[in-house]
Amino acid sequence: MSLSKEEFCDRVYEFARQVPEGRVTTYGAIARAVGEPKSSRRVGYAMRVSDQADSPIPAHRVVSSSGTISCKATRVRQFLENEGVDIVDDKIRGFKKLFWDEFEK
DNA sequence: GTGGTGACGTATA
DNA sequence: GTATACGCCACCA
């Protein structure tokens, strides 16, 4: 591994902040964006600790690769619906359309 | 030091 | 489309 925890979290947060309203991205996409496609789990950890970050992180716009929400305990669904994202059974409808990756920025 | 756990992903059937 | 298996890495008891 080449990135330290600090570097990793910093890049993850930076990427997450770039996600526009009404759009979503995946942990895997972020993991690849930071150069650690195998460390998708660390992305999830970074999102979990995003509450401690200095700047607010729209972690609710980050979901699993299939568009399913894992962290429903934090009212992520409510946030996404408020931004105009259709959620059905904790899954994003038209997720593929709303998907936002590093090449679309 | 070791093992279990988790805001995960990909591969396979 | 779902179910199962395996890998991956950081955190915590």
Side-chain angles (χ1 to χ4, degrees):
Chain A
M1 68 191 240
S2 14
L3 281 75
S4 63
K5 289 176 291 186
E6 299 257 328
E7 285 286 282
F8 188 86
C9 288
D10 188 50
R11 294 195 185 191
V12 169
Y13 294 156
E14 188 180 359
F15 189 85
R17 273 195 288 264
Q18 291 174 44
V19 180
E21 186 178 303
R23 289 295 205 100
V24 287
T25 190
T26 68
Y27 301 99
I30 297 176
R32 283 191 295 270
V34 300
E36 296 270 326
K38 305 296 189 213
S39 306
S40 53
R41 242 170 170 131
R42 275 189 284 175
V43 180
Y45 176 75
M47 290 296 101
R48 193 190 72 77
V49 299
S50 63
D51 294 319
Q52 313 172 30
D54 300 297
S55 306
I57 308 298
H60 55 272
R61 295 183 190 148
V62 185
V63 295
S64 56
S65 59
S66 298
T68 53
I69 299 171
S70 312
C71 45
K72 45 197 183 213
T74 54
R75 302 179 181 237
V76 175
R77 189 174 128 168
Q78 200 72 45
F79 270 94
L80 289 174
E81 287 183 321
N82 189 30
E83 292 187 356
V85 181
D86 295 316
I87 306 296
V88 179
D89 191 32
D90 293 329
K91 295 181 181 66
I92 297 176
R93 187 165 56 142
F95 155 71
K96 199 160 185 166
K97 232 163 60 160
L98 297 174
F99 181 73
W100 188 92
D101 59 42
E102 52 184 323
F103 299 104
E104 276 188 53
K105 60 185 174 180

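In the text below, chain A, chain B and the rest are named by the order of the sequence lines, each starting its count at 1.
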Checklist entry - With a cut-off of 6.0 Å (strictly less than), are more than 12 heavy atoms of other residues, nucleotides or ligands near CZ of A:Arg93? => result no
Checklist outcome for this item: Of the listed B:dA7, B:dC8, C:dC9, the closest approach to the A:Arg41 side chain comes from B:dC8
Checklist entry - Can you find a side chain N or O atom of A:Ser64 that sits less than 4.0 Å from OP1 or OP2 on B:dA7? => result no
Next on the checklist: Please tell me if A:Ser50 has a side-chain N or O lying less than 4.0 Å from either OP1 or OP2 of B:dA7.
Outcome noted: no
Next on the checklist: Pair A:Thr26, A:Phe99 - check side chain to side chain contact (heavy atoms under 4.5 Å, CB included), show working.
Outcome noted: CA-CA 8 Å; A:Thr26 68; A:Phe99 181 73; 3.4 Å; yes
Next on the checklist: Regarding A:Ser70, tell me which of base, sugar-phosphate or nothing describes its non-hydrogen contacts under 4.0 Å with the strands shown.
Outcome noted: sugar-phosphate
Checklist entry - Roughly, in whole Å, what's the span from CZ in A:Phe8 to C1' in C:dC8? => result 11 Å
Checklist outcome for this item: From CD of A:Glu7 across to P of C:dA10 the rounded distance in Å is 14 Å
Checklist entry - Over how many whole Å does the gap from A:Glu36 atom CD to B:dG9 atom C1' extend? => result 14 Å
Checklist entry - If pairing requires Watson-Crick or G-U wobble contacts with both distances under 3.5 Å, which nucleotide is the partner of C:dC8? => result none
Checklist entry - In terms of side-chain heavy atoms of A:Lys5, which of B:dC8, C:dA10, B:dG9 is nearest? => result C:dA10
Checklist entry - Distance-only, no hydrogens or angles: does the A:Ser40 side chain make a donor-acceptor pair with backbone N or O of A:Gly28 under 3.5 Å? => result no
Checklist entry - Could a donor-acceptor pair under 3.5 angstrom be found where the side chain of A:Tyr27 meets the base of B:dA7? => result yes
Item to check | For atom CZ of A:Phe95 and atom C1' of B:dG9, their distance in whole Å | outcome: 12 Å
Item to check | 5'-most by nearest nucleotide on DNA chain C - A:Arg48 or A:Lys38 | outcome: A:Lys38
Item to check | hbond_proxy A:Ser39 side chain to C:dC9 base (donor-acceptor, 3.5 Å cutoff) | outcome: no
Checklist entry - With a non-hydrogen cut-off below 4.0 angstrom, is A:Arg32 in contact with a base, only sugar-phosphate, or nothing? => result sugar-phosphate
Next on the checklist: Measuring to OP1 and OP2 of C:dA10, would you say a side-chain N or O of A:Arg42 lies under 4.0 angstrom away?
Outcome noted: yes
Item to check | B:dG1: pairing nucleotide in any strand, Watson-Crick or G-U under 3.5 angstrom | outcome: none
Next on the checklist: Under the criterion side chain to side chain contact (heavy atoms under 4.5 Å, CB included), I'd like the reasoning laid out for A:Arg61 against A:Glu21: C-alpha separation, chi angles, the key distance, then a yes or no.
Outcome noted: CA-CA 8 Å; A:Arg61 295 183 190 148; A:Glu21 186 178 303; 3.9 Å; yes
Checklist entry - With a non-hydrogen cut-off below 4.0 angstrom, is A:Ala46 in contact with a base, only sugar-phosphate, or nothing? => result nothing
Checklist outcome for this item: Result for side chain to side chain contact (heavy atoms under 4.5 Å, CB included) between A:Arg77 and one of A:Ile92, A:Asp89, A:Ile87, A:Val88 points to A:Ile87
Item to check | Of A:Ser40 and A:Tyr45, the one whose closest DNA chain C nucleotide lies more 5' | outcome: A:Ser40
Item to check | Selected nucleotide, minimal atom distance to A:Met47 side chain, candidates B:dA7, B:dG9, B:dG6 | outcome: B:dA7
Next on the checklist: Whole angstroms only, please: what is the NZ-C1' distance between A:Lys91 and C:dG1?
Outcome noted: 11 Å
